[in-house]
2 protein chains.
Amino acid sequence: MAKSEKRDEIVRATMELIAEFGFHDAPIAAIAARANVGAGTIYRYFANKDVLINEIYLEIEERLMAHILEGYRSERPVRERFLHLGVGVLSYFIRNPAEFHYFEQFHISPYGGAFRRERLLERTEYRDVFMVLFQDGTAQQVVKNLPLMMLFSLLFGPLFTVAREHLLGFVPLDDQLIETVVTTCWDAIRQ
Amino acid sequence: MAKSEKRDEIVRATMELIAEFGFHDAPIAAIAARANVGAGTIYRYFANKDVLINEIYLEIEERLMAHILEGYRSERPVRERFLHLGVGVLSYFIRNPAEFHYFEQFHISPYGGAFRRERLLERTEYRDVFMVLFQDGTAQQVVKNLPLMMLFSLLFGPLFTVAREHLLGFVPLDDQLIETVVTTCWDAIRQ
DNA sequence: CAATTAGGAGTGAACGTTCACTCCTAATCA
DNA sequence: TGATTAGGAGTGAACGTTCACTCCTAATTG
């Protein structure tokens, strides 16, 4: 196994276990077993469990961004960009359940709150692309004039909730319905 | 202290600690200390920690329902009922931060998934009032013809996300903006 | 063969849970 | 009515278990 393969296995194993059992029930011993490495090996790649947990979040964010920015054209109309990004987020997560559950649990837990507070002033690709989109939208008066974070919430709230319901088996999602959900979110924020 | 006062103190302490530190960092010792009871006392009221955690969720749900059903008139038009319930949920949670954070963490964690699966076939006041509302809406063709759980998601997704952003200090919410958020959700689901 | 990396038994701390005991209240008795 | 006893809620030290993390040996690499 190549060096970075081991790191990847640890990340994958941790993500899967926390997605399935939660932060409170994913001990290092279980992570090591699922990753097929020794417990000590984990500490060669990560200073401690908290660092591991935080880094996984960053990795998921990166992969998600890479996916939704594929084919994204910032010169297109606001509505088209909105649909592209919304569909991108939703389709990525329902194709990657473990990443989704991990992402959500992290985001809602005190980890997520602390993380976002530290990041408040940082510029991130993640924030920028959505910020620019919504700013364009309000400037062109095609989007309601609401606080930026509220527009965020009106997109991500439904997306995450629908993804969760789908993954729990409470609502069937296909490409057609994904499109419908995002269009419906657009109906909410459009002027 | 009357008998049930102790139970209430335990519930309150657990809720606050889990809201602030998460499931993984709210040990029984800390709960007992904050509730001003002995550790053993907790086990006179709850069989074990898992039972305690699940019962608190039920209690929050009850209190929330009691709040939003106050003044609810099921004979009024769909839009008016929708606004009443939406505003009720959002205003309850931003006035009760610990309950909100607890509710969210529970809901998104594996606890929540297991809980909802067990409950699938049960009838609950909670489900009924929203189900009837959305059924009326689609029957009267004032609401989009979408799966019930998707209509749920299009209301609760934004509400919870906005509440979270507000409680983390990322968006200021007043009665005026609460009304705006719910109206905006209505724009999403209305035909 | 030296240097680096991996492994997993070992470690002390912290965990949920228990249990022998202490009050305090209220029923019973003289 | 005052004295005695019974009952049960409350307690926190103690228990066995599990945890995150360390450290020394073994394996691998160049």
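Letters A, B, ... are given to chains in the order of the sequence lines, protein chains preceding strands, and every chain is numbered from 1. The basis for the numbers below is simple: all heavy atoms, side chains too, and nothing from hydrogens, waters or symmetry mates.
Listed pair B:Lys6 / D:dT11 meets the phosphate criterion, a side-chain N or O lying under 4.0 Å from OP1 or OP2.
In terms of position on DNA chain C, the residue among B:Lys49 and B:Thr41 whose nearest nucleotide sits closer to the 5' end is B:Lys49.
Rounded to whole Å, the distance from CZ on A:Arg44 to P on C:dT4 is 11 Å. Distance CD1 (B:Ile31) to C1' (C:dA14): 14 Å, rounded to an integer number of Å. Between the P atom of C:dT17 and the OH atom of B:Tyr45 lies a distance of 18 Å, rounded to the nearest Å. Distance CD1 (A:Ile28) to P (D:dA20): 5 Å, rounded to an integer number of Å. Rounded to an integer number of Å, the gap from CD of B:Glu5 to P of D:dG10 is 11 Å. In this structure, B:Asp50 atom CG and C:dG16 atom C1' are separated by 11 Å, rounded to whole Å. The NE2 atom of A:His24 sits 12 Å away from the P atom of D:dA20 (whole-angstrom rounding). Between B:Asn48 atom CG and D:dT17 atom P there is a gap of 18 Å when expressed in whole angstrom units.
When hydrophobic clusters are built by joining Ile, Leu, Val, Met, Phe, Trp and Tyr residues whose side-chain heavy atoms come closer than 4.5 Å, directly or via intermediates, B:Leu90 is grouped together with B:Ile68.
Considering only side-chain atoms of A:Pro27, the nucleotide from D:dT11, D:dT22, D:dC19 that sits closest is D:dC19.
Counting heavy atoms from C-beta outward, A:Glu179 and A:Asp175 have side chains that stay 4.5 Å or more apart.
Base pairing of D:dA14 is made with C:dT17, judged by Watson-Crick or G-U wobble geometry with both donor-acceptor distances under 3.5 Å.
Applying the side-chain contact (heavy atoms from CB on, under 4.5 Å) test to A:Leu167 and every residue at least two apart in sequence or in another chain returns A:Pro97, A:Phe100, A:His101. Residues meeting the side chain to side chain donor-acceptor pair (under 3.5 Å) test with B:Glu104, sequence neighbours left out: B:Arg164.
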